[in-house]
Amino acid sequence: VGRRGQGPGEFRYPLSATVDRDGRLYVADANWRIEVFVLINGKYEYERTLTLELIAQDLCFLADTLVVQGLSLSRQTLIHIYDRAGRRVRSFGEFYHSPSPDMNEEFGLGRIACDEKRRLIYYAPRIGNGEVRAFRADGTLLWRTSFSGFRSNPWVSENRTLTTRLSRQGNHTLVTLAYVDGHGLLVQWTFRTWQQLEDEAQFGTTVSFLLTPGSGEPRALGASLPLVPAI
């Protein structure tokens, strides 16, 4: 689907994708756009481009609304709702505030999952604090679950600026946030040791949890479940 480039139906760096009820494929690119493809005779053909005021890190559909996770510094929010025409309906989810723009940006990157049965939107940051949140479609926070023992790279102050360093204790990174109908919300982090971080290893030990959708109550699945990057 698509090809490298800056034109209609082309990509510079695809970040995420989702499919609507009619089978249209929405692909978010790092060039502030979402390319939309329609399935015709078994093949996806370019249909149109949605231009956003942010870079969409993750996408999912909740009924007829497109839910986008991305940083919009002008709005100071993390989750944004659009209609099919690409018009913003609402934004919510507090943006992380600190003196460091780099820290704010890093903590503001995450993943989302949509639960149409309960009309809930789940969000978790990729790094930082091992937290998962559930929002109603109107932006109301329903629950927030934080996991103890979550490791991340420390931020230190040097010459009045905040910089990050590799954690000697290793760190966790979010790799999966997916609603599995009939089971719950699957959350997976990968833990990398200091040596794996130095070697720039993409994955380490994957730790999995299944959260109850209505309350956020977690059930540990341990490290035996294989990595599930998407469902």
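Nothing here was measured: the structure is a model prediction, and the numbers come from that model. Count residues from 1 along the sequence.
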K.L.:
Indicate the atoms forming the closest heavy-atom contact of Phe61 with Glu116, along with that distance.
P.N.:
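Nearest pair, atom of Phe61 first, then Glu116: O-OE2, 3.6 Å.
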
K.L.:
Are Leu211 and Val187 packed together at the side-chain level, in the sense that at least one heavy-atom pair is separated by less than 4.5 angstrom?
P.N.:
yes

K.L.:
Applying ring pair (Phe, Tyr, Trp, His ring centres under 6.0 Å), name anything that partners Phe92, two or more places apart in sequence or on another chain.
P.N.:
Phe135

K.L.:
Quiz question: by atom type and distance under 3.5 Å, do the side chains of Tyr122 and Asp115 form a donor-acceptor pair?
P.N.:
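Yes - a donor-acceptor pair under 3.5 Å links their side chains.
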
K.L.:
Can you see whether Tyr179 engages Arg118 through a side-chain donor-acceptor pair at a distance of less than 3.5 angstrom?
P.N.:
yes

K.L.:
Quick check for you: to the nearest 0.5 Å, what is the distance between Gln57 atom CD and Arg126 atom CZ?
P.N.:
6.0 Å

K.L.:
The test is salt bridge (charged side-chain N to carboxylate O under 4.0 Å, His left out); show your working for Arg33 and Glu35 and say whether it passes.
P.N.:
CA-CA 6 Å; Arg33 302 188 312 188; Glu35 305 296 334; 3.1 Å; yes

K.L.:
For Glu198, is there an ion pair with Arg192 - N to carboxylate O distance below 4.0 angstrom?
P.N.:
no

K.L.:
Would you say Tyr26 and Asp20 make side-chain contact, with heavy atoms under 4.5 Å?
P.N.:
yes

K.L.:
Distance check, rounded to the nearest 0.5 Å: Asp58 atom CG versus Ser16 atom OG?
P.N.:
5.0 Å

K.L.:
Please examine the side chains of Leu221 and Leu186, heavy atoms only from C-beta on, and report whether any two atoms are closer than 4.5 Å.
P.N.:
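Yes, their side chains come closer than 4.5 Å.
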
K.L.:
Using modelled atom types only, decide if a donor and an acceptor are shared between the side chain of Asp199 and the backbone of Ala201 within a distance under 3.5 Å.
P.N.:
no

K.L.:
How far does OG of Ser208 sit from CZ of Arg219, to the nearest 0.5 angstrom?
P.N.:
11.0 Å

K.L.:
Hey, what do you get for CH2 (Trp32) to CG (Leu54), rounding to the nearest 0.5 Å?
P.N.:
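With rounding to 0.5 Å, CH2 (Trp32) is 7.0 Å from CG (Leu54).
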
K.L.:
Quick one: does His80's side chain have a donor or acceptor within less than 3.5 Å of a partner on Arg90's backbone?
P.N.:
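Answer holds: no.
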
K.L.:
Counting only heavy atoms from other residues, nucleotides and ligands, does the tally under 6.0 Å from CZ of Arg144 exceed 12?
P.N.:
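Incorrect, the count does not exceed 12.
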
K.L.:
Mind checking whether Phe11 and Phe37 have parallel, tilted or perpendicular rings, split at 30° and 60°?
P.N.:
tilted

K.L.:
Is there a side-chain contact between Ile34 and Leu52 in this structure, where contact means two heavy atoms from C-beta onward sitting under 4.5 Å apart?
P.N.:
yes

K.L.:
Does any part of the side chain of Leu66, heavy atoms only, come nearer than 4.5 Å to the side chain of Thr18, both counted from C-beta?
P.N.:
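Result yes, sub-4.5 Å side-chain heavy-atom pair found.
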
K.L.:
Keeping Thr212 on the side-chain end and Ser215 on the backbone end, is there a donor-acceptor pair under 3.5 Å?
P.N.:
no

K.L.:
OH of Tyr82 to OG1 of Thr65: how many Å apart, nearest 0.5 Å?
P.N.:
12.5 Å

K.L.:
In sequence, state the C-alpha distance, the side-chain angles, and the governing distance for Ile127 and Leu174, and then conclude on side-chain contact (heavy atoms from CB on, under 4.5 Å).
P.N.:
CA-CA 6 Å; Ile127 62 165; Leu174 179 75; over 6 Å; no

K.L.:
Is there side-chain contact between Ile121 and Leu62, with heavy atoms separated by less than 4.5 Å?
P.N.:
yes

K.L.:
Between the main-chain N or O of Val38 and the side-chain N or O of Glu47, is there a donor-acceptor pair closer than 3.5 Å?
P.N.:
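Side chain of Glu47 to backbone of Val38: no pair is present.
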
K.L.:
Assess whether a salt bridge exists between Asp22 and Arg24, defined as any Lys/Arg side-chain N lying under 4.0 Å from an Asp/Glu carboxylate O.
P.N.:
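Salt bridge: yes.
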
K.L.:
Would a 4.5 Å heavy-atom cut-off, applied to side chains only, mark Arg136 and Leu141 as touching?
P.N.:
no

K.L.:
Would you check, one step at a time, whether the test side-chain contact (heavy atoms from CB on, under 4.5 Å) holds for Val132 with Leu185?
P.N.:
CA-CA 10 Å; Val132 182; Leu185 183 67; 3.9 Å; yes

K.L.:
Looking at Glu131 and Arg133, is any side-chain nitrogen of the basic one under 4.0 Å from a carboxylate oxygen of the acidic one?
P.N.:
yes

K.L.:
Could you go through Val67 and Ile79, starting from their C-alpha distance and side-chain angles, then the distance that decides it, and tell me whether this counts as side-chain contact (heavy atoms from CB on, under 4.5 Å)?
P.N.:
CA-CA 7 Å; Val67 186; Ile79 300 174; 3.8 Å; yes

K.L.:
Tell me every residue that passes ring pair (Phe, Tyr, Trp, His ring centres under 6.0 Å) with Phe191, counting only those two or more places apart in sequence or in another chain.
P.N.:
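Partners of Phe191 by the ring pair (Phe, Tyr, Trp, His ring centres under 6.0 Å) criterion, ordered by chain and then number, come out as His172.
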
K.L.:
Has the side chain of Arg12 got a donor or acceptor atom that lies under 3.5 Å from a matching backbone atom of Ala30?
P.N.:
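Checked: pair present.
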
K.L.:
Do the side chain of Asn171 and the main chain of Arg151 share a donor and acceptor less than 3.5 angstrom apart?
P.N.:
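Checked: no pair found.
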
K.L.:
Looking only at side-chain N and O atoms, does Gln188 offer a donor or acceptor that is under 3.5 Å from a partner on Thr176?
P.N.:
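Their side chains do contain a donor-acceptor pair, which is all the 3.5 Å distance test asks for.
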
K.L.:
Counting only heavy atoms not in Glu200, do more than 12 fall under 6.0 Å of its CD?
P.N.:
no

K.L.:
Going by heavy atoms in the side chains, are Gln202 and Gln196 under 4.5 Å from each other?
P.N.:
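With C-beta onward as the side chain, the pair stays apart.
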
K.L.:
Under the ring pair (Phe, Tyr, Trp, His ring centres under 6.0 Å) rule, collect the residues that match up with Phe147, sequence neighbours excluded.
P.N.:
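Phe147 satisfies ring pair (Phe, Tyr, Trp, His ring centres under 6.0 Å) with Trp189, Phe209 once adjacent residues are dropped.
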
K.L.:
Walk me through it: do Arg88 and Ile81 pass the test side-chain contact (heavy atoms from CB on, under 4.5 Å)?
P.N.:
CA-CA 6 Å; Arg88 191 184 65 85; Ile81 309 295; over 6 Å; no

